[in-house]
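All values below were derived from every heavy atom in this structure, side-chain atoms included, with hydrogens, water molecules and symmetry-related copies excluded. Only a predicted model underlies this, so the values are computations on that prediction, with no experimental measurement involved. Convention: sequence-line order gives letters A, B, ...; per-chain numbering from 1.
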Amino acid sequence: MATETMQASRTAYGHRDIEPKWGERWERDGVYTVSDDDPRPKWYELHMYPYPSGDLHIGHWFAMSGADAHARFMRMKGFNVLHPMGFDAFGLNAENAAIKSGVHPYRWTMSNIENMRRQLRSMGAMYDWDREVVTCTPDYYRWNQWLFLQLYNNGLAYRDGAPVNWCPSCQTVLANEQVINGQCERCDSPVIQREMEQWFFSITKYADELLDHSKIDWPERINLMQTNWIGRSEGVEVGFDISEYGLDQDSIDTFTTRIDTVFGVTFIVLAPEHPLVAKLTTDEQREAVEEYVEQARRQTEIERLSTEKEKTGVFTGAYAVNSLNGERVPILVADYVLLSYGTGMVMGVPAHDQRDFEFAKKYDLPIRVVIAPPDWDGSELEEAFIGEGTQVNSGEFDGLPSSEGMERIADHVEERGLGGRAVNYKMRDWLISRQRYWGTPIPIVFCDDCGEVAVPESYLPVLLPDDAEFLPTGDSPLALHQEFVNTTCPDCGGPAKRETDTMDTFVDSSWYFLRYASPTYHDGPFDPVAAMEWNPVDQYTGGVEHAVMHLLYARFFVKAMRDLGLLDFDEPFVRLVNQGTIVFNSQKMSKSRGNVIAPDDYVEDVGADVVRTYLMFMGPWEQGGDWNDNGINGMARWTNRVWELCQRDADELGESSDEAAVGNLRRALHKTIRKVSEDMERFKFNTGIAAMMEFSNTLNQAWQAGNVDAKVWRESMRGLVLMMSPITPFLAEELWGQVGGEYSVHQQPWPEWDEDLAADEMITLVVQVNGKLRDRIEVPADVSEEDARAVALASDRVKQHTEGKAVRRVIYVPGRLVNVVAG
RNA sequence: GCCGAAGUGGCGAAAUGGUAGACGCGCCGGUCUCAAAAACCGGUGGGAGUUAAUCCCGUGUCGGUUCGACUCCGACCUUCGGCACCA
């Protein structure tokens, strides 16, 4: 029993019998089997596949039953709908479970999947299980490896150094999730950033194309988040001279979007991780710099970039010369500069950048105004001036408007060979390496003679050994597995060692939607014909939490595969809708937080149809909300009432001579079909269900009034059952038989509405005086503007409220209202 | 901190420039019952008013645009999602 508030636990129609009955029948009859050869137009409706954490929680049901209802609706609208399901089966949790409880990740994952399949079946979704995709099987992940090789052979995968979270005590790499307040979750030791060689995909090569959302119909907020994430900025790279130090480079490059302020540079700041830091630091400053770099390694990026945090830094003892004015400025190290953005160093212009300003104030560095604010009197600035103004203290550029100075100085920099215009992106290349076992092995070997060698395609898959040991030693189980690590070089046959990093699970989810079209295909990641017939996905649904990473990675993959000649389209997901998050006690549900609400007890109690209806009714699908079951009884009452309406014998109504009553019921039916059709199309399930509830109330009232005939009653009942079928698939199937429909309700066309039959004869004209409601007048729907104005001005209420005032204007909104402006 | 959203009755919500609170929950009253539950019928934003007519107030806060603002604009407050190794 889920809670004590659930009293209507016996559905009138016996959900415990009918739900399994129809579930088995559908499966036996292949009602949801999807054929590639179906003559109807295709519709690929995909919901983001779940991570098999063990149980589907009520949030999964909320997301998946909405997606299923929409897919069912599209099928009834005449499409051949592919609505598949699978499991995102690699990842950290399985490995953690293995370390904790000794269960192998494969067994843990597969038993979770089995349970979740059972739950999904109980939900009554229209998945074609023959197309299921499970990413941790060699049949799937060999194609991750194959795709990696295609990217690698085309210069889109490379190895480079990058920092990882490192626990010095456990001697292990930690996920961000495993770092709690800068400490290791297992042993509480302070976590540091450590540089390691890792694999990257070159997503930044596609940055400009990824900024283009014109070919997809996505929520504007998602496009905006992606645009901000990619963070394109145009600027200038300009070199500062360090030839006095006799290093192997004579200058250091900084990237700036404000080259107009370059004469105001009073210092240079390097990121603490920058390789030049050690080379430039003088002996006197070495101890202070090393200490500072050490503390920077203990901070997260979010901490470092906080604009609230007091800026800190340290002098290296070295100087660089600003080639534009010959000025020698100090080089400092500060943690607000990131190695990963731009060139990993910035020019400090305190007068015109707020972070630099605060930094300069703190360390007593000069602040020189080079862009005069419009009404500037020459006094000291209280804060950085970041607007446009006039160039001052800028040599030959003095007097120019700063917008022009920007262009002229950039030209000057280019002409003198000091640098040039450049574009930078906040987005970084995609780091796919994970120092873990439960993922796809990266198909590379390292040979003493040949170096880095790609595993030939014919050798794939590089199998994940199933006898790895899960010891809390810190080393990846793969690195400890001698038989896996030691291999022979595919080129020279000599001894070689395998790469032991595995791939980020986002690699799996970047192309899984292509696999559903041909899930058992053996000659490639997908059958090109089937994949291109079904793809791109027409409607993608999933959580807004995937706004940037997953959705950008998948877009990148499709574009890269297109350029490799594997696909002929540009975008993976044509239309995107994000359902909201179901939280519990204001927190996102997750197994690790222990606040998971399982649907199973509710399903047992009131049935899947009622749970689906409640989830779809509780609010807008795109909004989500805090879970409580306060209203679930109301849904059981409604489904019971509909069942009871269906039990009535329409013959009792006979024929009716009350044409108005019959017309009213028929009008209600057609209005409801129109409303529900529009709402289902746009995922507005809550208002669609409300319209169906209103209609079932109308039906009951009509029955009690006894003034409608059997014909319109039967039409109405059939329409209602069809409209309910995407939301309550089991009950609708049961009722469809009772109202004389032919099995299966899920293979019927969606009901059509007739605008003429839905049209109102009379409407309520709202009459306002100065915008305040003063009267309501029933008028014919086709009332003329003249008549509407006349009838409004004739109203006693209007006369009362305009007494002693002059009527200045009368505003008429056709079919809605008249507003009398008086005063 | 940065980026993106959301704030409406006792509760979930509806209305995206035109009747604020549809639909449902809860609650109150009634029918049925020996009684209760279930079910069914009616009422239900707050205040004033003769149980009336009617009037006033009311959509996070403050200000603006408009004949008219929950809806558009500006500032602020609170809550939620993401921030690159949770997926």
With under 30° as parallel and over 60° as perpendicular, where do the rings of [X] and [Y] fit, or are they tilted in between?
X	Y	answer
A:Tyr614	A:Trp627	perpendicular
A:Tyr51	A:Trp108	tilted
A:His213	A:Trp218	tilted
A:Tyr158	A:Phe200	parallel

Item to check | 5′-ward residue of the pair A:Gln178/A:Asn770 relative to RNA chain B | outcome: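 Going by which nucleotide is closer to the 5' end, it is A:Asn770.
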Expressed in whole Å, how much space separates the [atom1] atoms belonging to [N] and [M]?
N	M	atom1	answer
B:U19	B:G4	C1'	35 Å
B:C2	B:A84	C1'	14 Å
B:A36	B:A52	C1'	39 Å
B:C23	B:G18	C1'	22 Å
B:U54	B:U59	P	24 Å
B:U65	B:G26	P	46 Å
B:G9	B:G46	P	12 Å
B:C77	B:C40	P	49 Å

Think [X] has a side-chain N or O under 4.0 angstrom from the OP1 or OP2 of [N]?
X	N	value
A:Asn628	B:C25	no
A:Arg637	B:G26	yes
A:Arg774	B:U19	no
A:His801	B:C55	yes
A:Asn630	B:G10	no
A:Arg809	B:C67	yes

Item to check | A:Glu803, CD: over 12 other non-hydrogen atoms inside 6.0 angstrom | outcome: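 Atom CD in A:Glu803 is not crowded, with 12 or fewer foreign heavy atoms closer than 6.0 Å.
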Next on the checklist: Tell me whether the count of non-hydrogen atoms from other residues, nucleotides or ligands lying under 6.0 Å of CG in A:Asp160 goes above 12.
Outcome noted: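 Enclosed.
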Rounded to whole Å, please give me the gap between [atom1] in [X] and [atom2] in [N].
X	N	atom1	atom2	answer
A:Glu358	B:G1	CD	C1'	12 Å
A:Ile432	B:C85	CD1	P	11 Å
A:Phe62	B:G81	CZ	C1'	14 Å
A:Met48	B:C86	CE	P	17 Å
A:Asn223	B:G4	CG	C1'	12 Å
A:Tyr13	B:A38	OH	C1'	16 Å
A:Glu95	B:A87	CD	C1'	15 Å
A:Asn633	B:C27	CG	C1'	15 Å

Measure from the side chain of [X], starting at C-beta and using heavy atoms only, and say which of [options] lies closest.
X	options	value
A:Asn228	B:C85, B:C3, B:G24	B:C3
A:Met225	B:G82, B:C3, B:A20	B:C3
A:Asn697	B:C86, B:C23, B:C85	B:C23
A:Leu224	B:U19, B:G4, B:C23	B:G4
A:Met427	B:A84, B:C67, B:C41	B:A84
A:Glu545	B:A87, B:G18, B:C85	B:A87
A:Arg221	B:C85, B:A5, B:C40	B:A5
A:Asn700	B:C41, B:U19, B:C23	B:C41
A:Met549	B:C23, B:C83, B:G4	B:C83
A:Ala175	B:A39, B:G4, B:C85	B:C85

Side chain [X], main chain [Y], donor-acceptor under 3.5 Å:
X	Y	result
A:Thr581	A:Val583	no
A:Arg555	A:Leu210	yes
A:Arg774	A:Val798	no

Checklist entry - Based on Watson-Crick and G-U pairs with both distances under 3.5 Å, what dot-bracket line describes RNA chain B 5' to 3', crossing pairs as [ ] and inter-strand pairs as |? => result (((((((..(((.....[....)))((((((.......))))))((((.....))))..(((((..]....))))))))))))....
Checklist entry - Picking from A:Val820, A:Val821, A:Thr802, what satisfies side-chain contact (heavy atoms from CB on, under 4.5 Å) with A:Asn770? => result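 The side-chain contact (heavy atoms from CB on, under 4.5 Å) with A:Asn770 is passed solely by A:Val821 among A:Val820, A:Val821, A:Thr802.
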Item to check | A:Asp335/A:Lys311 under salt bridge (charged side-chain N to carboxylate O under 4.0 Å, His left out): CA gap, chis, key distance, verdict | outcome: CA-CA 8 Å; A:Asp335 57 14; A:Lys311 306 290 170 293; over 6 Å; no
Over all strands shown, is [X] touching base, sugar-phosphate only, or nothing at heavy-atom distances under 4.0 angstrom?
X	result
A:Gln800	nothing
A:Val583	nothing
A:Ser340	nothing

Show the distances under 3.5 angstrom between N or O atoms of the protein and N or O atoms of nucleotides 13-17 of chain B.
{"unit_1": "B:A13", "atom_1": "OP1", "unit_2": "A:Gln623", "atom_2": "NE2", "d": "2.9"}
{"unit_1": "B:A14", "atom_1": "OP1", "unit_2": "A:Asn686", "atom_2": "ND2", "d": "2.7"}

Item to check | A:Glu644/A:Arg648 ion pair, N-O < 4.0 Å | outcome: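 A salt bridge is present here (some side-chain N lies under 4.0 Å from a carboxylate O).
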